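Reviewing the structure listed below.
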Amino acid sequence: MGLPAEKHAMTLDEFLAWEADQPERWEFFDGEAFMMAGGSDVHNLVSGNTYMTLRNALRGTSCTVFMSDVRLRLAATDDLFYPDVFVTCADADRERRQVKEEPVLIAEVLSPSTEAYDRGGKFAAYRRFPGLKTVLFLSQDRAHVECYSRTAEGDWLLTEASGEAASLALPAFGFTLPLAELYQDLPAAPA
């Protein structure tokens, strides 16, 4: 996440009118516009692998997996986000074309420039989605995933998996994510 485009607060309608003329993608959080930073090849591969792994696991269900070109709106505050990957199973979201509003899973690939925001204000906003069950934070530096799962009491439980031989259980969905699939085909680290 970059710096805010404007220091004054905007309404959602003002933001949408302004954003329509921008060549970049922008998120709208707490009344301010934030330009989305460009990602690395590793970020793109981990995001794509996560999308494909979730799509394969959810095939034949009523759930749909989206990548970072689809907006997610937090209706309670009119915030707009472009998560790296998210899943929705809502009939209403199937009808919406431009913006989805009912995620059940959100995945963010952490970047040095956005990690503090992803783990801080953005994660706090994500937790306000009523039907959200799972938030994943995926490292770019190594095969490591943090999974926050909403409990029946509404608390968030952290589980982690590390190493390409590991798998991460997603209790809300009844399947596991093999880290080898999430981290496949990555370029070799520079010498």
Side-chain angles (χ1 to χ4, degrees), residues 1 25 27 36-75 79-111 114-115 118-119 122-123 125-150 156-187:
M1 159 167 270
R25 281 185 323 170
E27 289 190 335
M36 299 301 299
S40 68
D41 58 347
V42 172
H43 186 281
N44 186 270
L45 286 167
V46 174
S47 295
N49 290 343
T50 302
Y51 168 85
M52 290 303 297
T53 302
L54 288 168
R55 185 164 184 224
N56 289 335
L58 293 166
R59 183 167 276 125
T61 71
S62 63
C63 299
T64 307
V65 185
F66 294 98
M67 289 190 68
S68 61
D69 286 336
V70 177
R71 279 191 205 140
L72 188 57
R73 177 178 173 255
L74 179 56
D79 294 329
L80 293 173
F81 302 101
Y82 287 98
D84 290 323
V85 179
F86 71 94
V87 176
T88 179
C89 305
D91 290 336
D93 274 345
R94 272 190 282 293
E95 300 297 320
R96 297 179 185 110
R97 292 291 170 252
Q98 300 298 319
V99 178
K100 308 301 181 185
E101 295 184 1
E102 300 180 50
V104 292
L105 181 147
I106 296 174
E108 292 285 1
V109 179
L110 299 174
S111 300
T114 64
E115 183 172 358
D118 287 343
R119 291 179 177 282
K122 198 173 192 180
F123 184 38
Y126 284 170
R127 293 191 309 263
R128 295 185 67 192
F129 282 104
L132 184 63
K133 299 175 182 176
T134 304
V135 176
L136 303 175
F137 291 120
L138 296 95
S139 173
Q140 282 191 71
D141 303 328
R142 60 193 173 105
H144 181 82
V145 181
E146 297 173 11
C147 175
Y148 290 87
S149 300
R150 185 175 291 191
W156 289 88
L157 177 67
L158 169 64
T159 57
E160 299 177 80
S162 291
E164 290 193 24
S167 290
L168 180 70
L170 298 181
F173 301 94
F175 60 82
T176 61
L177 295 176
L179 269 61
E181 290 182 24
L182 302 178
Y183 289 91
Q184 68 184 345
D185 300 327
L186 298 185

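The structure presented is a predicted model; accordingly, all values stated were derived computationally and were not measured.
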Closest heavy-atom pair, Ser139 versus Asp141, reported as atoms and distance to 0.1 Å, is OG-N, 3.1 Å
First locate atom NZ of Lys100, then atom CZ of Arg94, and finally report the distance between them rounded to the nearest 0.5 Å.
9.5 Å
Should the ring pair Phe123 and Trp156 be called parallel, tilted or perpendicular, given that the plane angle runs from 0 to 90° and is split at 30 and 60?
perpendicular
I want to check something: taking the side chain as every heavy atom from C-beta on, are Val87 and Leu54 in contact at a cut-off of under 4.5 Å?
yes
One should read off an interatomic distance between Asp93 CG and Glu101 CD, to the nearest 0.5 angstrom, of 7.0 Å
Residues two or more places apart in sequence or in another chain: which of them pass side-chain contact (heavy atoms from CB on, under 4.5 Å) with Gln184?
Asn49
Output, in order, the C-alpha distance, side-chain angles, deciding distance and verdict of side-chain contact (heavy atoms from CB on, under 4.5 Å) for Glu108 and Tyr126.
CA-CA 11 Å; Glu108 292 285 1; Tyr126 284 170; 2.5 Å; yes
Look at the side chain of Arg119 and the backbone N and O of Phe137, then say whether any donor-acceptor pair between them is shorter than 3.5 Å.
no
State, yes or no, whether a side-chain contact exists between Cys147 and Leu170 at a heavy-atom distance under 4.5 Å.
yes
Are any non-hydrogen side-chain atoms of Arg96 and Arg71 less than 4.5 angstrom apart?
no
Given 3.5 Å as the limit, does a donor-acceptor pair link the side chain of Tyr183 with the main chain of Gly163, or not?
no
Kindly indicate whether the side chain of Arg59, heavy atoms from C-beta on, has any atom under 4.5 Å from the side chain of Asn56.
yes
Mark yes or no for whether Gln140, through its side chain, and Leu110, through its backbone, hold a donor-acceptor pair below 3.5 Å.
yes
Is there a side-chain contact between Leu177 and Val145 in this structure, where contact means two heavy atoms from C-beta onward sitting under 4.5 Å apart?
no
Shortest non-hydrogen contact between Ser68 and Tyr82, atoms and distance:
O-CD2, 3.0 Å
Indicate yes or no: at least one non-hydrogen side-chain atom of Leu168 is less than 4.5 angstrom from one of Leu136.
yes
For the student: nearest non-hydrogen atoms of Phe86 and Leu72, plus distance
CE1-CD1, 3.9 Å
Can you tell me if Ser40 uses its side chain to pair, donor with acceptor, with the backbone of His43 under 3.5 Å?
yes
For a quick test of reading the model, state the closest non-hydrogen atom pair linking Ala161 to Ala166 and the distance between them.
CB-CB, 4.2 Å
Nearest heavy-atom approach of Ser47 to Val85 is O-CG2, 3.5 Å
With a 3.5 Å distance limit and no angle check, can you tell me whether Arg150 reaches the backbone of Leu132 through a side-chain donor-acceptor pair?
yes
Please confirm whether the backbone N or O of Glu102 pairs with a side-chain atom of Thr88, one donor and one acceptor, at under 3.5 Å?
yes
Could you state the interatomic distance from CG (Leu45) to CG (Leu182), rounded to the nearest 0.5 Å?
12.0 Å
Leu138 side chain reached by Asp84 side chain, heavy atoms, under 4.5 Å
no
I want to check something: taking the side chain as every heavy atom from C-beta on, are Pro83 and Lys122 in contact at a cut-off of under 4.5 Å?
no
To the nearest 0.5 Å, what is the distance between OG1 on Thr176 and CD on Glu181?
8.5 Å
Taking all heavy atoms of Arg73 and all of Leu80, pick out the closest pair and write down the distance.
CB-CD2, 3.5 Å
